[in-house]
Amino acid sequence: MGSYLYDFLTSIAVYMAAGAISFAIFGFLFAQGVIDNQGFEHASDLQQNSYLANGLILLWNLGWVAFFFMYFWQRSGQTIGMRAWRLKVQNVDGSLISFKTGFKRLCFTFLGLGNLLVIFDRKNKLSLQDRFTNTEIVVLSLEENRRNLEN
């Protein structure tokens with residue numbers, strides 16, 4: 001749970017940073033006349049009243065959050081929260097997962113609900129996303145975690 005909390009807070013920060021960047025781009029395009037103002041005086045008014053703009057900004061922000069997880073998983077197998085709690089995601093053969101596998105894991109997490117399966121699966125302790133992507137979460141020793149931090 002500690003790892004989830006760390007990563008949730010980090011995800012919020014990534015989402016907010018992506019949102020600031022997307023709104024800056026949207027505001028710039030609005031000011032330059034690239035985006036039709038549709039009678040609105042301010043970019044924020046147009047954005048709040050446009051399903052298309054809202055949808056694109058939401059996809060942009062969520063895309064960066066997804067990239068955050070996939071990048072760290074494929075690079076070291078650990079996000080910031082996972083490092084703090086000595087957890088690592090890997091393929092069942094011990095190798096690092098790919099971007100494609102990371103994307104599949106995100107699709108099957110269902111906003112974290114896929115992890116609830118671990119409670120009922122006492123034998124294998126696999127979440128829904130682990131089952132569908134042939135991955136696992138392992139607990140590292142202090143030495144292994146230190147070595148992972150150095151890489």
Subject >> Shortest non-hydrogen separation from Gly19 to Ser22 and the atoms involved >> reply: O-OG, 2.9 Å

Original post:
Who are the salt bridge (Lys or Arg N to Asp or Glu O under 4.0 Å) partners of Asp45, not counting sequence neighbours?
Top reply: none

Original post:
Between Leu117 and Arg131, which heavy-atom pair has the shortest distance, and what is it?
Top reply: CD2-NE, 3.3 Å

**OP:** Decide whether Ile119 and Phe110 are clustered together by the hydrophobic rule: side chain heavy atoms of Ile, Leu, Val, Met, Phe, Trp, Tyr closer than 4.5 Å, transitively.
**Re:** yes

Subject >> Common cluster, Tyr6/Phe69, ILVMFWY with side-chain heavy-atom separation under 4.5 Å >> reply: yes

**OP:** Tell me, please, which residues at least two apart from Tyr15 pass ring-ring contact (aromatic ring centres under 6.0 Å, His included).
**Re:** none

Subject >> Check: Gln78/Asn145 side-chain N/O donor and acceptor closer than 3.5 Å >> reply: yes

Original post:
Does a side-chain heavy-atom distance below 4.5 Å link Ser76 with Arg83?
Top reply: yes

Original post:
Do Val65 and Leu58 sit in the same hydrophobic cluster, where Ile, Leu, Val, Met, Phe, Trp and Tyr count as joined when their side-chain heavy atoms come under 4.5 Å apart?
Top reply: yes

Original post:
For Ala66, what residues pass the side chain to side chain contact (heavy atoms under 4.5 Å, CB included) criterion, not counting sequence neighbours?
Top reply: Met70, Leu106

Subject >> Phe40-Val34 co-clustered via ILVMFWY side chain contacts under 4.5 Å >> reply: yes

Subject >> Contact summary for Gln90 and Ile97, nearest pair of heavy atoms >> reply: C-CG2, 3.8 Å

Subject >> Working for side chain to side chain contact (heavy atoms under 4.5 Å, CB included), residues Glu136 and Val89 >> reply: CA-CA 6 Å; Glu136 62 186 357; Val89 64; over 6 Å; no

Original post:
Less than 4.5 Å apart, any side-chain heavy atom of Met16 and any of Ile12?
Top reply: yes

**OP:** Would you check if the side chain of Asn37 reaches a backbone N or O of Gly39 as a donor-acceptor pair within less than 3.5 Å?
**Re:** yes

**OP:** Check whether any side-chain N or O of Arg86 sits under 3.5 Å from a backbone N or O of Leu140 as a donor-acceptor pair, and report yes or no.
**Re:** yes

**OP:** Start with the C-alpha gap between Leu116 and Leu113, add the side-chain angles, then the distance that decides, and say whether side chain to side chain contact (heavy atoms under 4.5 Å, CB included) holds.
**Re:** CA-CA 6 Å; Leu116 294 176; Leu113 295 176; 4.0 Å; yes

Original post:
Does any non-hydrogen side-chain atom of Asp121 lie less than 4.5 Å from one of Val118?
Top reply: no

**OP:** Mind checking side chain to side chain donor-acceptor pair (under 3.5 Å) for Ser3 and listing every partner two or more places apart, or none if nothing turns up?
**Re:** none

Original post:
By side chain to side chain contact (heavy atoms under 4.5 Å, CB included), which residues pair with Ile25, not counting sequence neighbours?
Top reply: Ile21, Leu29

Original post:
When you look at Gln48 and Asn54, which way does the side-chain hydrogen bond (donor to acceptor under 3.5 Å, both in side chains) test go after all the steps?
Top reply: CA-CA 7 Å; Gln48 290 175 355; Asn54 273 332; over 6 Å; no

Original post:
Can you find a side-chain donor-acceptor pair between Asn115 and Gln129 that sits under 3.5 Å?
Top reply: yes

Subject >> Residues in side chain to side chain donor-acceptor pair (under 3.5 Å) contact with Asn61, at least two apart in sequence or another chain >> reply: none

Original post:
With sequence neighbours left out, what residues match Phe30 under ring-ring contact (aromatic ring centres under 6.0 Å, His included)?
Top reply: none

Original post:
Using 4.0 Å as the upper bound for N to carboxylate O, is an ion pair formed by Lys125 and Asp130?
Top reply: no

Original post:
Are side-chain N/O atoms of Asn91 and Thr135 paired as donor and acceptor at under 3.5 Å?
Top reply: no

Subject >> Pairwise side-chain contact, Gln47 with Ile57, heavy-atom cut-off 4.5 Å (strictly under) >> reply: yes

Original post:
Side-chain contact, heavy-atom cut-off 4.5 Å: Leu96 with Gln74?
Top reply: no

Original post:
What pairs with Phe67 under side chain to side chain contact (heavy atoms under 4.5 Å, CB included), at least two apart in sequence or on another chain?
Top reply: Trp64, Tyr71, Phe99

**OP:** Would you name the heavy atoms of Gly2 and Trp85 that are closest together and state the gap between them?
**Re:** C-NE1, 3.2 Å

**OP:** Kindly write out the residues that satisfy side chain to side chain contact (heavy atoms under 4.5 Å, CB included) with Glu41, not counting sequence neighbours, or none if the list is empty.
**Re:** none

Original post:
If you take all heavy atoms of Ala43 and Gly27, which pair is closest and at what distance?
Top reply: CB-CA, 4.0 Å

Original post:
Considering residues at least two apart in sequence or located in another chain, which fulfil the ring-ring contact (aromatic ring centres under 6.0 Å, His included) criterion with Phe26?
Top reply: none

**OP:** Mind checking the CZ-CG spacing from Phe72 to Asp7? Nearest 0.5 Å is all I need.
**Re:** 9.5 Å

Subject >> Gap between atom CZ of Arg105 and atom CZ of Phe103 - 0.5 Å precision >> reply: 14.0 Å

Subject >> Straight-line distance of Thr133 OG1 to Lys104 NZ, nearest 0.5 Å >> reply: 8.0 Å

Subject >> ring-ring contact (aromatic ring centres under 6.0 Å, His included) involving Phe8 - partner list, sequence neighbours excluded >> reply: none

Original post:
Can you tell me how far the OG1 atom of Thr79 sits from the CH2 atom of Trp73, to the nearest 0.5 Å?
Top reply: 7.5 Å

Subject >> Partners meeting side chain to side chain donor-acceptor pair (under 3.5 Å) with Ser98 (sequence neighbours left out) >> reply: Thr101

**OP:** State plainly whether one hydrophobic cluster holds both Val139 and Met82, where clusters connect Ile, Leu, Val, Met, Phe, Trp and Tyr through side-chain heavy atoms under 4.5 angstrom apart.
**Re:** yes

**OP:** On the 0 to 90° scale, with breaks at 30° and 60°, tag the Phe132-Phe108 ring pair as parallel, tilted or perpendicular.
**Re:** parallel

Subject >> More than 12 heavy atoms of other groups within 6.0 Å of Phe23 CZ >> reply: yes

